[in-house]
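Both backbone and side-chain heavy atoms feed into the values below; hydrogens, waters and symmetry mates do not.
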Amino acid sequence: MFQGGHNATKSLDNPFWHYSLKQYSNPACASFLLDAQDNYGLDINILLFIGWLSTHKPSLISISHLNSAMKWNQRVIQPIRWFRRKIKILNVIKAYNWIKKQELWAEQVEQAMLFLSSQELAQFNETGYENFEMNIQVYLKGKIVIEETWLQALFKHLQPK
């Protein structure tokens with residue numbers, strides 16, 4: 001297991017996880033984030049992390065703060081998700097539910113990795129949208145170009161209600 005993954009399992013229940021559960025429980029937010037994942041290949045956990053930082057701990061990230069989580073997502077979560085979707089097609093409910101539970105656990109580990117990395121971040125004077133915009137640009141650099149209106153909608157979905 002990744003060193004970050006090992007440390008993360010010790011910190012599964014953290015403020016970032018609670019923020020994510022609350023935000024994702026909003027159907028409009030969940031739908032928007034799933035669209036970002038399925039249509040743009042973006043990591044929902046990193047988007048939530050950037051949203052959390054903009055509202056709870058204004059900090060500036062670098063891509064190195066995301067590397068362990070991105071590797072975990074690619075090597076662990078994505079294969080589990082692929083398998084879960086294949087099982088769903090076969091309509092094997094027990095297997096589907098078990099795999100879905102494993103995927104959620106793996107997502108929680110990724111979030112714990114991100115939360116732990118937030119402890120190392122330098123505080124940033126800007127708050128709100130400026131902080132969000134700077135961090136999202138770090139994450140998206142070289143991936144895709146997204147319209148400002150989409151970013152504003154994402155920011156709105158990531159604000160606590």
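- Closest heavy-atom contact between Ser54 and Gln159: OG-NE2, 3.9 Å.
- Cluster annotation: Leu104 and Tyr19 are assigned to distinct hydrophobic clusters (Ile/Leu/Val/Met/Phe/Trp/Tyr, side-chain heavy-atom contacts under 4.5 Å, transitive).
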- [ ] Apply the test side-chain contact (heavy atoms from CB on, under 4.5 Å) to residues Tyr24 and Ile44: give CA-CA distance (whole Å), side-chain angles for both, the deciding distance (0.1 Å), then the verdict.
- [x] CA-CA 10 Å; Tyr24 205 78; Ile44 290 174; 4.3 Å; yes
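- Glu107 and Asn45 share a donor-acceptor pair across their side chains, judged by distance under 3.5 Å alone.
- Panel note: side chain Asn14, backbone Ser11; a donor-acceptor pair is recorded below 3.5 Å.
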- [ ] Let me see the working for Leu47 and Tyr139 under side-chain contact (heavy atoms from CB on, under 4.5 Å), right down to the final yes or no.
- [x] CA-CA 9 Å; Leu47 297 176; Tyr139 173 53; 4.1 Å; yes
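- Interatomic distance, Glu103 CD to Arg81 CZ, rounded to the nearest 0.5 Å: 5.0 Å.
- A distance of 9.0 Å separates CZ in Arg85 from OH in Tyr96, rounded to the nearest 0.5 Å.
- Each of Asp43, Ile46, Asn135 was scored for a side chain to side chain contact (heavy atoms under 4.5 Å, CB included) with Leu66, with one residue passing: Ile46.
- A side-chain donor-acceptor contact under 3.5 Å links Trp72 to the backbone of Ala106.
- Within 6.0 Å of the CZ atom in Phe83, the count of heavy atoms belonging to other residues, nucleotides or ligands does not exceed 12.
- Residues satisfying the side chain to side chain contact (heavy atoms under 4.5 Å, CB included) test with Gln152, not counting sequence neighbours, are Tyr129, Glu148.
- For Ser20, the side chain to side chain donor-acceptor pair (under 3.5 Å) partners are Gln111, not counting sequence neighbours.
- A distance of 12.0 Å separates SG of Cys29 from NZ of Lys156, quoted to the nearest 0.5 Å.
- Contact of the Phe49 side chain with the His65 side chain is not registered, since no non-hydrogen atoms from C-beta on lie closer than 4.5 Å.
- With values rounded to the nearest 0.5 angstrom, Asn67 atom CG is found 8.0 Å from Ser62 atom OG.
- Every residue two or more places apart in sequence or in another chain that forms a side chain to side chain contact (heavy atoms under 4.5 Å, CB included) with Trp150 is listed here: Phe32, Ala36, Tyr40, Leu42, Ile146, Leu154.
- Within the 3.5 Å criterion, the main-chain N or O of Gln78 finds no donor-acceptor partner in the side chain of Asn73.
- What you find for Glu110 and Ala69 is that their closest heavy atoms are OE2-O, 3.4 Å.
- Between Gln137 and Leu151, the closest side-chain pair of non-hydrogen atoms falls below 4.5 Å.
- With rounding to the nearest 0.5 angstrom, the CD atom of Glu120 is 11.5 Å from the OG atom of Ser59.
- The distance from the CD1 atom of Ile77 to the CZ atom of Arg84 is 11.5 Å, given to the nearest 0.5 Å.
- Taking all atoms of both residues into account, the shortest heavy-atom contact from Leu60 to Leu121 is O-CD2, 3.6 Å.
- Two residues are said to be in side-chain contact when any heavy atoms from C-beta on lie closer than 4.5 Å; Val138 and Ile50 fail this criterion.
- Counting only distance, with no hydrogens or angles, the side chain of Gln108 and the backbone of Leu12 share a donor-acceptor pair below 3.5 Å.
- Side-chain contact check for Leu48 versus Phe16: some heavy-atom pair is nearer than 4.5 Å.
- Counting heavy atoms from C-beta outward, Ser25 and Leu21 have side chains that stay 4.5 Å or more apart.
- Placement of Ile87 and Trp82 within a single hydrophobic cluster is found when ILVMFWY residues are connected by side-chain heavy-atom separations under 4.5 Å, directly or transitively.
- Residues Trp17 and Trp105 fall into different hydrophobic clusters, defined by Ile, Leu, Val, Met, Phe, Trp and Tyr side chains chained together at heavy-atom separations under 4.5 Å.
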TODO: Tell me, with the steps shown, if Thr55 and Asn131 meet side-chain contact (heavy atoms from CB on, under 4.5 Å).
DONE: CA-CA 9 Å; Thr55 60; Asn131 180 255; over 6 Å; no
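- Put simply, Leu90 and Ile99 are part of the same group of oily side chains (I, L, V, M, F, W, Y) that touch within less than 4.5 Å, one to the next.
- In this structure, Pro79 and Gln74 approach most closely via the heavy-atom pair CD-O, 3.4 Å.
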TODO: Check step by step if side-chain contact (heavy atoms from CB on, under 4.5 Å) holds for His18 and Asp13.
DONE: CA-CA 8 Å; His18 293 280; Asp13 189 35; 2.6 Å; yes
